[in-house]
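These notes are about the structure you will find just below.
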Amino acid sequence: SKQISNIGNISIYPNPSNGNFKLNIYSKVQSNYRFILTDVTGRIIDNMNNLHNGNNQIDKSNLDAGLYLWKVFASNSEIGNGKLVILHTQ
């Protein structure tokens, strides 16, 4: 995950996951956060509002296995981005 240290620090774990993961947001910006998940072509898969500082439990286990890209916004400013890998084990 990418860190923009003067604004905040965002991590996703576990990663890879089965789609059930924690999104940790530690930011100095007091805001409701927005989490946008896209596929590698940039198509928006999900757009979640009202996330908060600290632990956010997210369940995307219905998604197909593969590589996804994520971004987190505070107000209209991007404060972090990275890759998410979803694996489904038999």
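Only a predicted model underlies this, so the values are computations on that prediction, with no experimental measurement involved.
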Once you round to the nearest 0.5 Å, how far does [atom1] of [X] lie from [atom2] of [Y]?
{"X": "L37", "Y": "Y68", "atom1": "CG", "atom2": "OH", "result": "7.5 Å"}
{"X": "S17", "Y": "I58", "atom1": "OG", "atom2": "CD1", "result": "10.0 Å"}
{"X": "L84", "Y": "I12", "atom1": "CG", "atom2": "CD1", "result": "5.0 Å"}

[X] (side chain) donor-acceptor with [Y] (main chain) under 3.5 angstrom:
{"X": "S75", "Y": "S77", "answer": "no"}
{"X": "N49", "Y": "Y33", "answer": "no"}
{"X": "H88", "Y": "N62", "answer": "no"}

Residue pair [X] / [Y], side-chain heavy-atom distance below 4.5 Å:
{"X": "N56", "Y": "I25", "result": "yes"}
{"X": "F35", "Y": "L23", "result": "yes"}
{"X": "Y26", "Y": "I10", "result": "no"}

Using a 4.5 Å cut-off between side-chain heavy atoms of Ile, Leu, Val, Met, Phe, Trp and Tyr, which other residues end up in the same hydrophobic cluster as I44? I36, F73
Could you work out the complete set of other residues in the hydrophobic cluster of L67, with links drawn between I, L, V, M, F, W and Y side chains under 4.5 Å apart? V40, V85, L87
Any residue meeting side chain to side chain donor-acceptor pair (under 3.5 Å) with [X], in chain and number order, not counting sequence neighbours:
{"X": "N50", "value": "N32"}
{"X": "D39", "value": "T41, R43"}
{"X": "N47", "value": "none"}

Do I79 and M48 belong together in a cluster built from hydrophobic side chains that touch within less than 4.5 Å? yes
List the residues meeting salt bridge (charged side-chain N to carboxylate O under 4.0 Å, His left out) with K71, not counting sequence neighbours, and say none if there are none. E78
Side chain to side chain contact (heavy atoms under 4.5 Å, CB included) partners for N76, two or more places apart: R34
So salt bridge (Lys or Arg N to Asp or Glu O under 4.0 Å) across residues 49-65, not counting sequence neighbours, yields D46-K60
Restricting to pairs with a member in residues 11-21, which pass salt bridge (Lys or Arg N to Asp or Glu O under 4.0 Å), not counting sequence neighbours? none
Verify side-chain contact (heavy atoms from CB on, under 4.5 Å) between L63 and I45, making sure each step is shown before the conclusion. CA-CA 9 Å; L63 292 177; I45 305 294; 3.5 Å; yes
Decide side-chain contact (heavy atoms from CB on, under 4.5 Å) for Y13 and N24; before the verdict, give the C-alpha distance in whole Å, the side-chain angles of both, and the deciding distance to 0.1 Å. CA-CA 8 Å; Y13 69 90; N24 279 317; 2.7 Å; yes
What do the steps show when you test I86 against N18 for side-chain contact (heavy atoms from CB on, under 4.5 Å), and what is the final call? CA-CA 5 Å; I86 296 181; N18 65 0; 5.7 Å; no
